[in-house]
Amino acid sequence: MAKKSAPRGPSGPLRPHAPAAAGDRVRLELEFDRPQLLGPLFGQYDQNLIVLENRLGVYIAARGNKVQVEGEADSAARARDVLSSLYNRLAQGQGVDTGDVEGAVAIASDPSLDGLVREDGSPNPSVVIRTRRKTIVPRSPTQVRYIEALSRDDVIFALGPAGTGKTYLAVAQAVSQLITGSVDRLILSRPAVEAGERLGFLPGDMKDKVDPYLRPLYDALYDMLPSEQVERRLASGEIEIAPLAFMRGRTLANAFVILDEAQNTTPLQMKMFLTRFGERSRMVVCGDPNQVDLPNPAASGLADAVRKLSGIPGISTLRFSSREVVRHPIVGAIVEAYEGPPVDG
């Protein structure tokens, strides 16, 4: 690992000075127009560069406002593209951490994303979500496809372990569409299924009892909107957070509807939820088939719905793996250790 002696702290594009010749070892040089961005680009103690070196098997050295990348042609070109996309993200006022680096490497290494990413490996604007508080950029190839589906399809099933961004990205897309006026309401729901605790023994009225089950949805909302806007929209009914049982008998038109923890629905509950679909609406169903809390895990309405509705136009299914967990890397390893063979669905 070479010492990097570039300035530390936060801007213009990178300029590659050498082409990557296929199959050979090459050295590519990149020059930065705004050296003050090199600190956040490299990360504390150059941790972002270390991630790039480890993931792509390249050697990176920085001197002044120039960076040299040495390695196999394909790997060096990918490292250059990742540095370019991350630098451009910083130039637009966004942050960069090791999770962004890992995601950028995965996206730049996936040839199936043609048309969804730019030449430098960064996501196209069509797969970037903007809300009042932040701009959300995908961190994995499946997240790229998921964000595209969220803006295109009527019903989206997102399957995979915790930490892959299923619910978070759905809430971000819903908030974005609420802000732009393409939907009038945002409805977030979860089944209030007990996982080892008894709901009836919790203190308070019904709202007090079910709110803990809906807390992750509140957290995502407050991440996307200023708190006063969340409170105002909740009070006006523009945003509604409710247990799944409250959906019965309704038709949800002009709405973005999200069902979280859908693996804990029964087939009848899932049918009830999906048939609430109304005009100019979108539904997102999120869940982990490996984390069913029902007395009979085989009776999950999520896996049943995915099997029955596969292939219907306007309905898409995205499957995330434990390798795409965007929390601390050890979370992905823990999920993978517990997961075992994947459950059908």
Side-chain angles (χ1 to χ4, degrees), residues 10-13 37 40-41 82 84-97 99-104 106-108 113 115-154 156 158 164-188 216-234 236 238-241 254-258 260 280-284 286 316 318 320 324 326:
S11 202
L37 283 180
L41 176 63
V82 168
S84 176
S85 65
L86 295 174
Y87 179 80
N88 290 334
R89 187 182 303 184
L90 287 166
Q92 294 164 16
Q94 302 170 36
V96 167
D97 58 26
D100 294 313
V101 179
E102 298 271 10
I107 290 169
L113 296 178
L116 297 178
V117 297
R118 294 170 167 166
E119 217 171 278
D120 66 358
S122 62
N124 281 334
S126 62
V127 289
V128 172
I129 302 174
R130 290 175 174 81
T131 67
R132 287 277 192 262
R133 295 193 67 175
K134 59 170 60 178
T135 297
I136 294 95
V137 178
R139 284 188 167 194
S140 74
T142 307
Q143 284 195 0
V144 174
R145 300 184 191 95
Y146 184 36
I147 293 176
E148 183 198 28
L150 286 171
S151 63
R152 180 193 66 213
D153 295 323
D154 296 323
I156 302 99
T164 49
K166 306 181 302 296
T167 305
Y168 190 82
L169 291 176
V171 173
Q173 180 68 23
V175 168
S176 178
Q177 291 195 210
L178 185 64
I179 291 169
T180 59
S182 55
V183 295
D184 296 334
R185 291 183 296 164
L186 165 53
I187 300 172
L188 310 173
L217 300 176
Y218 285 103
D219 291 343
L221 275 176
Y222 284 107
D223 223 20
M224 309 296 168
L225 288 169
S227 58
E228 65 275 6
Q229 286 199 28
V230 175
E231 301 298 337
R232 176 170 56 79
R233 292 175 189 267
L234 284 167
S236 70
E238 283 182 89
I239 298 176
E240 180 182 348
I241 303 179
N254 300 307
F256 198 114
V257 191
I258 299 170
D260 193 25
R280 295 175 296 281
S281 289
R282 180 157 294 143
M283 279 186 167
V284 184
C286 306
S316 61
L318 284 298
F320 294 84
E324 296 177 292
V326 293

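These numbers were taken from a predicted model, which means no experiment stands behind them. The figures here come from the full heavy-atom set of this structure, side chains too, leaving out hydrogens, waters and symmetry mates. The chain is numbered in sequence order, starting from 1.
- The two residues Ala174 and Ile258 have their closest heavy-atom pair at CB-CD1, 4.1 Å.
- Listed here is the closest heavy atom pair of Ile129 and Ala172: CG2-O, 3.5 Å.
- Within the 4.5 Å cutoff, side-chain heavy atoms of Ile156 are placed close to those of Tyr146.
- In summary, of the residues considered (Ile147, Val284, Thr164), a side-chain contact (heavy atoms from CB on, under 4.5 Å) with Leu169 occurs for Ile147 alone.
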- Would Leu113 and Arg145 count as a side chain to side chain contact (heavy atoms under 4.5 Å, CB included) if you check the C-alpha gap in whole Å, the side-chain angles of each, and the deciding distance to 0.1 Å? CA-CA 8 Å; Leu113 296 178; Arg145 300 184 191 95; 3.8 Å; yes
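- Side chains of Gln173 and Arg282: a donor-acceptor N/O pair is absent below 3.5 angstrom, by distance only.
- Nearest approach of Gln177 to Leu150, heavy atoms of both residues: OE1-O, 3.9 Å.
- Contact check for Ile241 versus Leu221: side-chain heavy atoms found under the 4.5 Å cut-off.
- Under the 4.5 Å side-chain criterion, counting only non-hydrogen atoms from C-beta, Thr167 is in contact with Leu217.
- A distance of 8.5 Å separates CG in Asp184 from CG in Leu178, rounded to the nearest 0.5 Å.
- The shortest side-chain heavy-atom distance between Pro141 and Glu324 falls under the 4.5 Å cut-off.
- At a threshold of 4.5 Å between non-hydrogen side-chain atoms, the residues Leu225 and Thr131 do not count as touching.
- With a 4.5 Å cut-off on side-chain heavy atoms, Arg232 and Glu238 count as touching.
- Minimum interatomic distance between Leu186 and Leu188 (heavy atoms only, all atoms of both residues): CD1-CD2, 3.4 Å.
- Side-chain contact between Leu90 and Leu86 is absent, with no heavy atoms from C-beta onward closer than 4.5 Å.
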- Applying side chain to side chain contact (heavy atoms under 4.5 Å, CB included), run through Asp100 and Arg139 and close with a yes or a no. CA-CA 6 Å; Asp100 294 313; Arg139 284 188 167 194; 3.1 Å; yes
- Query: Under the side chain to side chain contact (heavy atoms under 4.5 Å, CB included) criterion, do Arg89 and Val137 qualify, and how do the steps go?
  - Reply: CA-CA 9 Å; Arg89 187 182 303 184; Val137 178; 3.4 Å; yes
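- Scanning both residues, Ala220 and Tyr168, for their nearest heavy atoms gives CB-CD1, 4.3 Å.
- Proximity of Lys166 to Leu318: side-chain heavy atoms (C-beta onward) are nowhere separated by under 4.5 Å.
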